[in-house]
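In what follows, a structure is listed as structure tokens, so that the remarks can point back to it.
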Amino acid sequence: MIQTVRGTRDLLPEDMPLWHRVEEVAREAFRRYGFREIRTPIFEKTELFARGVGESTDIVHKEMYTFVDRARADSEGESLTLRPENTASVVRAYLQHKMFADKSPGELTRLYYIGPMFRRERPQAGRYRQFYQIGVEVMGSSDDPAIEAEVIEMLSWLLQELKITNTTLLINSVGEPASRASYVETLREALKAQLDKLCADCHHRYETNPLRVFDCKVASCQAVIADLPTITDSLDDASRAHFEQFKAHLDARGLAYTVNPRMVRGLDYYTRTAFEIVGHDGLGAQNTLIGGGRYDGLSETLGGPPTKGFGFAFGLDRMVMALPEAEAQRLRANDAPDVFLVFLGDAARQHTFQVARDLRAAGVSVALEFEDRKMKKAMTAAAKSRARYALIIGDNEVSSGQYGLKNLATGEQESLSLGDIIAKFK
RNA sequence: GCGGGUAUAGCUCAGUUGGUUAGAGCGCAAGAUUGUGGCUCUUGAGGCCGUGGGUUCGAGACCCACUACCCGCCCCA
């Protein structure tokens, strides 16, 4: 039997109401905050991600689905990649369509996206090779921290609307590229003296990406980590001032946060503000719900004019997992037909098709089966469909034009004309 | 790439020191009940026991290999 490729999965009808709900709430949040949708291609030239995300990152290094396109007579096949994330593509589109050109100073471009991304990682709880992300990007000439606070305010509303409570907002500033680079050296110096106390993984991190040592879960490493210098101490003055303003904006909006000076970003393009919203319920080891930050240099990296940028992304797979059970049940229960048509005998069967058409034309969600069954069986099918009502159509009903409408939850039944029934569902 | 776990009915799982016909609950089907579902009772259908090899008189069980899935690590939004 052919099955799904490792790390991919089918999203079955039972779960779709949950996915739709997250998408619907997100779109509503974006509408209220002035974001407009953009859809970029699912694959791009490999170079876009190599430059945008960063050559040295693991994503580019070993986690991309890259393939060479078919060669033509006049050219080599070019290297293409299924998008591992969407920020680089959105910035590319922003530049390609010169969205900055008709803007006045300080005017922002607010974009959002929803769609699948691909990473060739080992799957685990809440992590798939084809996963779905929702994200926004704010681009323009301004890097006002009020932008950041407003976006986080929007996320706060979104989580509340989804009934996802018990989350924590973590913030940090990773500074300008220059101050970040000097901090990495400071950190490497500090680690050098304690190398003998670190685990094998951290030895590797010391070489490749010292910032990652902070994420180590080994107890002996944690002891060392506690005494390491933080990036906060190395911040340049402008970044420090920017971060202070950002916090003041959060305070003014009543948004609670925890400063985590050890929270760093893996992708090359991040500058200054970084944030995460972590969940605590039912997410396994993958408890980061939302991650984002500022990426002021990305446009230039991709050959565009100096542009400020700020954005976030969250995984739909994981957000759906984080929905509380009660909310999930409510959403699934709502995903049911309005009425299930039960008919008895061949004459009623023909008549039922007409009734179904009239109800549907009036906007009612109608379920029915085509088999002529005993009433008992038909009622069982009606209950199984989870329809709110069963509409009973036998010879008596056909001749009288009065149908039995039974509320399947309460068991109450009344006799109504088709017009009355349609009115009831309006 | 590395580590641990699991693989038996549609689903969730039992299955004793290796023993003859592989079980339960839920679900599904039929009936009790020929125009009224849910509850109850009765009956039934449904299994290459992940795949391949080995040990044995005999393997769902023990050994080896493989594959798949799950969880975690690496990495990361």
Side-chain angles (χ1 to χ4, degrees), chain A residues 1-9 12 14 53-54 56-64 83-88 117 119-128 131-136 170 199-205 208-209 211-213 215-218 263-270 274-278 283-293 295 311-319 340 342-345 348 372-398 403-413:
Chain A
M1 251 214 77
I2 298 175
Q3 296 188 317
T4 48
V5 172
R6 179 199 295 279
T8 67
R9 59 172 178 164
L12 298 173
E14 294 73 48
V53 178
S56 66
T57 60
D58 268 33
I59 291 181
V60 169
H61 220 223
K62 58 180 196 186
E63 292 174 359
M64 295 206 304
R83 61 187 188 190
E85 55 103 56
N86 211 194
T87 297
M117 311 291 160
R119 276 185 214 169
R120 202 177 176 293
E121 305 177 286
R122 189 94 185 187
Q124 55 184 287
R127 260 188 135 162
Y128 301 90
F131 56 104
Y132 296 81
Q133 283 199 317
I134 296 183
V136 311
L170 302 175
C199 69
D201 281 338
C202 283
H203 274 87
H204 176 67
R205 290 168 176 140
T208 58
N209 190 353
L211 296 173
R212 285 284 141 208
V213 171
D215 295 334
C216 189
K217 293 166 182 92
V218 177
M263 183 183 70
V264 292
R265 305 268 81 175
L267 306 191
D268 284 0
Y269 54 62
Y270 283 109
F275 78 94
E276 284 182 7
I277 296 179
V278 299
L283 292 169
Q286 309 299 320
N287 70 336
T288 302
L289 276 176
I290 305 172
Y295 48 87
F312 69 77
F314 66 80
L316 224 16
D317 308 75
R318 215 175 283 176
M319 197 64 82
F340 187 100
V342 170
F343 63 86
L344 301 158
D372 189 6
R373 317 163 97 157
K374 288 193 287 190
M375 180 142 204
K376 165 104 175 161
K377 299 303 170 194
M379 287 302 291
T380 303
K384 192 177 159 190
S385 79
R386 299 176 305 135
R388 293 159 187 79
Y389 293 92
L391 186 66
I392 294 152
I393 305 175
D395 291 340
N396 299 341
E397 286 78 4
V398 171
Y403 307 93
L405 185 69
K406 180 167 186 172
N407 183 320
L408 289 169
T410 65
E412 288 164 18
Q413 184 169 333

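Order of the sequence lines sets the chain letters (A, B, ...), proteins ahead of strands, with each chain counted from 1. If you're wondering where the values come from, they're calculated on a predicted model, not measured in any experiment.
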- [ ] With a 4.0 Å heavy-atom cut-off, tell me which residues in residues 382-391 of chain A come close to RNA chain B, sorted by residue number.
- [x]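 The stretch gives A383(A), K384(A) as the residues lying under 4.0 Å from the strand, ordered by number.
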
Can you tell me if [X] touches the phosphate of [N], counting only side-chain N or O atoms and a distance under 4.0 Å to OP1 or OP2?
X	N	value
Q413(A)	rU36(B)	no
Q124(A)	rG72(B)	yes
R205(A)	rC75(B)	yes
K377(A)	rA30(B)	yes
R6(A)	rA68(B)	yes

Open item on the list: Run F314(A) and L289(A) through side-chain contact (heavy atoms from CB on, under 4.5 Å) and show every step you take.
Closed with: CA-CA 6 Å; F314(A) 66 80; L289(A) 276 176; 5.9 Å; no

Base partner of [N], which must satisfy Watson-Crick or wobble distances under 3.5 Å:
N	value
rA24(B)	rU12(B)
rC62(B)	rG54(B)
rU17(B)	none
rA77(B)	none
rC2(B)	rG72(B)
rA32(B)	rU40(B)
rU67(B)	rA7(B)

Quick one: [X] [atom1] to [N] [atom2], roughly how many Å, whole number?
X	N	atom1	atom2	answer
F275(A)	rA77(B)	CZ	C1'	10 Å
E276(A)	rC75(B)	CD	P	15 Å
R122(A)	rG3(B)	CZ	C1'	10 Å
D201(A)	rG3(B)	CG	P	13 Å

[X], nearest nucleotide to its side chain (from [options]):
X	options	answer
R373(A)	rC75(B), rA77(B), rA29(B)	rA29(B)
M379(A)	rU36(B), rC75(B), rA77(B)	rU36(B)
M375(A)	rG35(B), rC73(B), rG37(B)	rG35(B)

Taking the [atom1] atom of each, how far is [N] from [M], in whole Å?
N	M	atom1	result
rG50(B)	rG44(B)	C1'	29 Å
rU56(B)	rC63(B)	P	16 Å
rU20(B)	rG4(B)	C1'	37 Å
rG23(B)	rC70(B)	P	31 Å
rG37(B)	rG52(B)	C1'	49 Å
rU21(B)	rG60(B)	P	10 Å
rA24(B)	rG47(B)	C1'	15 Å

Open item on the list: So if I define the base as every atom that isn't primed, P, OP1 or OP2, how would nucleotides 40-47 of chain B read as a B/S/- string at a heavy-atom cutoff under 4.0 Å?
Closed with: --------

TODO: Sugar-phosphate atoms are those with a prime plus P, OP1 and OP2; base atoms are the rest. Using that split, label each nucleotide of nucleotides 6-11 of chain B B, S or - for protein heavy atoms under 4.0 Å, 5' to 3'.
DONE: ------

Task: Presence of donor-acceptor pair under 3.5 Å, side chain of E397(A) and base of rG35(B) - done: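 Yes, the side chain and the base share a sub-3.5 Å donor-acceptor pair.
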
Contact class for [X] (heavy atom, under 4.0 Å): base, sugar-phosphate, or nothing?
X	answer
G404(A)	nothing
N86(A)	nothing
A409(A)	base

Open item on the list: Suppose we screen for side-chain contact (heavy atoms from CB on, under 4.5 Å). Which residues come up paired with H203(A), at least two apart in sequence or across chains?
Closed with: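 Expected list: L195(A), L198(A).
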
TODO: Could you please spell out the steps behind the side-chain contact (heavy atoms from CB on, under 4.5 Å) verdict for K406(A) and V342(A)?
DONE: CA-CA 11 Å; K406(A) 180 167 186 172; V342(A) 170; over 6 Å; no

In residues 384-392 of chain A, what donor-acceptor pairs under 3.5 Å come from side-chain atoms, sequence neighbours left out?
{"residue": "S385(A)", "atom": "OG", "partner": "A382(A)", "partner atom": "O", "Å": "2.7"}
{"residue": "S385(A)", "atom": "OG", "partner": "A387(A)", "partner atom": "N", "Å": "3.1"}
{"residue": "R386(A)", "atom": "NH1", "partner": "R332(A)", "partner atom": "O", "Å": "2.9"}
{"residue": "R386(A)", "atom": "NH2", "partner": "D335(A)", "partner atom": "O", "Å": "2.6"}
{"residue": "R388(A)", "atom": "NH1", "partner": "A336(A)", "partner atom": "O", "Å": "3.0"}
{"residue": "R388(A)", "atom": "NH1", "partner": "P337(A)", "partner atom": "O", "Å": "3.1"}
{"residue": "R388(A)", "atom": "NH2", "partner": "N334(A)", "partner atom": "O", "Å": "3.3"}

Open item on the list: According to salt bridge (charged side-chain N to carboxylate O under 4.0 Å, His left out), who are the partners of R127(A), at least two apart in sequence or on a separate chain?
Closed with: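 Testing R127(A) for salt bridge (charged side-chain N to carboxylate O under 4.0 Å, His left out), a comparison that skips the adjacent residues, returns E121(A).
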
